[in-house]
Amino acid sequence: MTSAKQSATAPRDLSQVRFPEGFVWGSATASYQVEGAAHEGGRGPSIWDTFSHTPGRTVGGDTGDVADDHYHRYPEDISLMADLGISHYRFSLAWPRIQPEGRGQLNTEGVDFYSRLVDGLLERGIQPWVTLYHWDLPQPLEDAGGWPARDTAERFAEYAVAIHERLGDRIKDWTTLNEPWCSAFLGYANGHHAPGRTEGPAAVRAAHHLLLGHGLAVRALRERGAEQLGLTVNLYPVDSVTDSDADRDAARRIDGLMNRIFLDPVLRGSYPEDVVADLAPVLDFGHVRDGDLAVVNTPLDFLGVNYYTRHVVRAGTASGAPSTWVGSEDVEFVKRGLPVTAMGWEIDPDGLYETLTRVWREYDAPPLYVTENGAAFDDVVDADGRVRDEGRRAYLEGHFAAAHRALSEGVDLRGYFVWSLLDNFEWAYGYSKRFGLVHVDYETQVRTLKDSGRWYAEITRANGL
Ligand code: IFM
């Protein structure tokens, strides 16, 4: 948390950038964003089916019903991964495909799909890197209270054990949750994501139960002999526009609600006192029971960091609209006029360097992976069949260099997953934002490797820039 400044990355000779031997180069997707086949193979409804089918919730009314049809086209997608030269594929399991009710009996067809996918990857020498939860909660669990209800954490741990029993023989790397901040605060505070609820205190309870579910799952899978267990969080440096006390306090608050509310319980076993105090007018922490934080603080083998941009804030006034910043609705977010991606996110590779070094220096952290980084641009397929996405290549190059700088200063960074393998369903933005290394024509499902994908294939093979 510092005050805003210009880019600090000195120009570097990028041809010198080499990564350590064994460095993991991967790419990532998530079930609801790519699979489609929403009504096939015994899959039950998720909160994202309900949400995306509710008028006005997504751009153009887009849904994940078909998405990239990865459910059927995964063999072709594995071939694309092989072309990219990636050693690991990070994907998520759709809980409602495995347990349509969110509890009890497993759906054999769903388990079989993931089993085929895993076998197909291994046959091509690509390691599966599984995320157990990337936002598609079975709808029956939301109907029973969702993540603000403690029971959902218990159900999550049961699901983790059940699927580990079936796939644990072939999967080494297990991530419990992807970006619990989004599940809790976009899902339950400002309602921009499923399930679309706007209840600030419920969002804070959701955050805790997500972390509790994570800790319970880690303990259970550890007992079952799982090799590598971790969590993925989305982190942002938070700067204040000026050094005034009010702006600095705004930055402290947002850093607390964005970053430390997850990092502290997971890596230190306690909630940050200032965050608890900031939230006191909204809720007490009575939902946190004795022993919970020890569970949340169960040691991990890795921490996944997703990085996209930096937040710059100042003290301001609340707009009155539902906000993700529970109890700090008056903080305003400022743009600095840097180039942006199609998401409107400022391009700031130094923020990745700062994020990695901060986690490494301030916390007793396990080895780190960048489990997501990438950019949306308005890509088009040219008449000659090429996608000339120079913006994405430059974005990635800058961020790879920033990660390398963190590595060279002693951060134990073990790998990097580009978001995303394929253009896909970008949540409330539907199909309007393209993040892929591979372009997808949603009419025909034709896949086209973008120029950035060809370039990434050179990186993965050279293990450097
Ligand atoms: O598409 C998402 C992904 O599901 C989670 N992390 C951020 C990406 C881009 O918004």
Side-chain angles (χ1 to χ4, degrees), residues 26-36 46-49 51-52 57-59 62-64 67-68 70 89-95 129-137 175-187 190 192-195 207 210 214 230-236 258-259 262 303-311 324 333 340-348 351-352 355 369-379 389 391-392 395-396 399 416-440 442 452:
S27 189
T29 65
S31 47
Y32 192 73
Q33 294 183 272
V34 298
E35 282 180 10
S46 77
I47 54 174
W48 269 96
D49 295 284
F51 185 81
S52 64
R57 291 302 204 172
T58 64
V59 171
D62 289 347
T63 73
D68 293 336
H70 179 70
Y89 173 47
R90 173 176 179 254
F91 62 98
S92 74
L93 308 178
W95 186 351
W129 181 293
V130 156
T131 302
L132 287 164
Y133 184 72
H134 196 129
W135 310 352
D136 39 2
L137 186 72
T175 308
T176 53
L177 310 173
N178 179 71
E179 301 181 354
W181 182 85
C182 296
S183 302
F185 292 99
L186 295 176
N190 77 353
H192 288 188
H193 278 192
L210 281 150
H214 151 79
L231 167 75
T232 279
V233 284
N234 52 325
L235 303 177
Y236 298 72
M258 179 78 240
N259 302 316
F262 296 101
L303 183 74
V305 174
N306 291 358
Y307 174 78
Y308 288 92
T309 189
R310 177 193 305 268
H311 289 323
T324 49
F333 286 68
V340 294
T341 68
M343 298 295 285
W345 298 343
E346 290 189 330
I347 300 174
D348 189 342
L352 175 59
T355 299
Y369 289 82
V370 174
T371 38
E372 279 182 33
N373 172 247
F377 288 103
D378 296 328
D379 305 315
D389 59 334
R392 181 172 294 101
Y395 176 101
L396 290 174
H399 287 76
Y416 208 112
F417 293 80
V418 172
W419 184 269
S420 175
L421 174 70
L422 303 165
D423 290 340
N424 60 47
F425 177 80
E426 177 53 26
W427 308 111
Y429 293 93
Y431 298 99
S432 66
K433 306 292 177 195
R434 295 181 176 274
F435 274 90
L437 294 167
V438 176
H439 180 276
V440 177
Y442 296 114
S452 62

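Fair warning: this is a prediction, and the values are worked out from it, not measured in the lab. Just so you know, ligand 1 is whichever comes first in the structure, and atom 1 is the first atom listed for that ligand. Counting from 1, the numbers follow the sequence of the chain as shown.
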I want to confirm something. Looking only at heavy atoms, which of W135, F435, Y308 is nearest to atom 8 (C) of ligand 1? Y308

Tell me whether the rings of [X] and [Y] are parallel (<30°), tilted (30 to 60°) or perpendicular (>60°).
X	Y	answer
F51	W48	perpendicular
Y442	Y431	tilted
H193	W427	tilted
F435	W345	tilted

May I ask you to check whether [X] has an N/O atom sitting below 3.5 Å from an N/O atom of ligand 1?
X	result
N178	no
W427	yes
E372	yes
N424	no

ring-ring contact (aromatic ring centres under 6.0 Å, His included) assessment of Y369 paired with W129: CA-CA 12 Å; Y369 289 82; W129 181 293; 4.7 Å; yes

Within the structure, is a non-hydrogen atom of H134 found at a distance of less than 4.0 Å from ligand 1? yes

Which bit of W345 is near ligand 1, meaning a heavy atom under 4.0 Å away: side chain, backbone, both or neither? side chain

Check F377 against A342 and note the closest heavy-atom contact, atom names and distance. CA-CB, 3.9 Å

In terms of residue, atom name and distance, what is the protein heavy atom nearest to atom 1 (O) of ligand 1? E426 OE1, 2.6 Å

